[in-house]
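Owing to the predicted nature of the structure, the values given are computational and were not obtained by experimental measurement.
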There are 2 protein chains.
Amino acid sequence: MSGFDVGARLKQLRLKRGLSQRELAKRAGVTNSTISLVEQNSVSPSVSSLKKILDALPVSISEFFAGEEIAQEHIFYRASDLTEIGDGKLSWRLVGARRPNRSMSIIHEHYPPGADTGEDMLEHEGEEGGVIVSGTIELSVNGDSQLLTAGDAYYFDSRLPHRFRNVSDGDCVIVSANNPPSFADGGNHQHHG
Amino acid sequence: MSGFDVGARLKQLRLKRGLSQRELAKRAGVTNSTISLVEQNSVSPSVSSLKKILDALPVSISEFFAGEEIAQEHIFYRASDLTEIGDGKLSWRLVGARRPNRSMSIIHEHYPPGADTGEDMLEHEGEEGGVIVSGTIELSVNGDSQLLTAGDAYYFDSRLPHRFRNVSDGDCVIVSANNPPSFADGGNHQHHG
DNA sequence: ACTCCTTGTTGAACATCCTTGACAGTATGA
DNA sequence: TCATACTGTCAAGGATGTTCAACAAGGAGT
């Protein structure tokens, strides 16, 4: 029913890391039995268990399921089709979500007043750039902070520590692009409110 | 330590589709109670259950978890600093001009009524994507033509013949990205018309 | 052969998820 | 007001996931 071989995928990733079931289980905070059963598809793990396991690899859930995507090429995206992520404070709309075989990710971002990517500066591989469509945003990159308003833009190496914060009392809208699209790498930098 | 609000995310997507818990449950082959409990995070669904539910939306698992790991953007261009190119009809504003060592080009595009990239379809290496900020544009890619309006987006392989045309009587503004930067190497983009 | 450590697997007990079926709240209409 | 239909929630129990503890197989070194 799954259409996706969870067990094989997990085993593949585990072996790639050179871990035994017990070692992975220990790091993940589950038992070796769980790993065994999951790898044999004797059981469909709960999301929470799977998350624990993947965190120990580490692999993000979306990364784990990359490839589960329908291969159909999407060109046009209706506004309502953009994959919305965020928590009410920040709002990002991904064009085509994260298709693993695409070279960029395009994002329509909405920052309400007070929205903030967080005190822990973002740092990751790649480059990113964007244009402020409306409103005002405070962008800090590598210690330098600037207020950008409609029509302004930015571009930088994503390895520089950076942060976005809407310090105004109006919404801010940005269209940005990331290359490469994979946000995931060693570090575990996720942020939510 | 989930770090990701499965319940809120599911509810968000369900409401976006205008479905009730029962309706979604019916399509997914689970019960309304399951949806309810998952949305309240009273339970961490099994992967198989979650998959059934997401298939009914439909949303891929990796799409669902997009944002579970996030990183963002960056570096400072005043609106007046964007290098403007164009021929009076079309107007493109490049972020960071033609830096040869950048992996993308970010472009703020303005299409007045009648603006048209030309009858000779554009074709070049790379990929491009963008978000329509305001107005309406007719985008043709590989024989398929669509009218996109504010909030809509697109993404395609640039080798597919494509054309942008503003067939409305108002301005259209787009923020787009190219990879590799097609303007960095004096690509065949400009002129025509 | 043994001992010791490691590997992955499995049965029974336990914990969690999922369904059944009922409940309360809201809205519409007779 | 009652009836109907819809919404989301919840308790109980059956179904499924997870753990505990034991097991067999393989290697390394007595």
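- Interatomic distance, CD of A:Glu138 versus CG of A:Leu147, reported as 6.0 Å (0.5 Å rounding).
- Looking only at side-chain heavy atoms (C-beta outward), B:Tyr154 and B:Ile174 come within less than 4.5 Å of each other.
- For DNA chain D, the outermost nucleotides in 5' to 3' order that have an atom under 4.0 Å from a heavy atom of chain A are D:dG17 to D:dA22.
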Decide side-chain contact (heavy atoms from CB on, under 4.5 Å) for A:Val175 and B:Val133; before the verdict, give the C-alpha distance in whole Å, the side-chain angles of both, and the deciding distance to 0.1 Å.
CA-CA 8 Å; A:Val175 174; B:Val133 169; 4.2 Å; yes
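- Using a 4.0 Å cut-off on heavy atoms, the residues of residues 25-38 of chain A that approach DNA chain C are A:Asn32, A:Ser33, A:Ser36, listed by number.
- To the nearest 0.5 Å, atom CG of residue A:Leu57 and atom CZ of residue A:Arg17 are 5.5 Å apart.
- Within 4.0 Å of A:Glu39, counting heavy atoms only, lies no atom of the nucleic acid at all.
- The nearest heavy atom of DNA chain C to A:Glu23 and to A:Gln40 marks one nucleotide each, and the one closer to the 5' end goes with A:Glu23.
- Taken to the nearest 0.5 Å, the OG1 atom of B:Thr31 stands 10.0 Å off from the CD atom of B:Gln21.
- Running 5' to 3' along DNA chain C, contacts with non-hydrogen atoms of chain B at under 4.0 Å begin and end at C:dC17 to C:dA22.
- Projected onto DNA chain D by closest heavy-atom contact, B:Ser46 and B:Ser42 fall at different nucleotides, the more 5' of which corresponds to B:Ser42.
- Between B:Glu39 and B:Arg14 a salt bridge is recorded (basic side-chain N to carboxylate O distance below 4.0 Å).
- In this structure, B:Phe64 and A:Ile61 have side chains that are not in contact, with every pair of non-hydrogen atoms separated by 4.5 Å or more.
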Walk me through it: do B:Phe65 and A:Val47 pass the test side-chain contact (heavy atoms from CB on, under 4.5 Å)?
CA-CA 11 Å; B:Phe65 284 101; A:Val47 167; 3.9 Å; yes
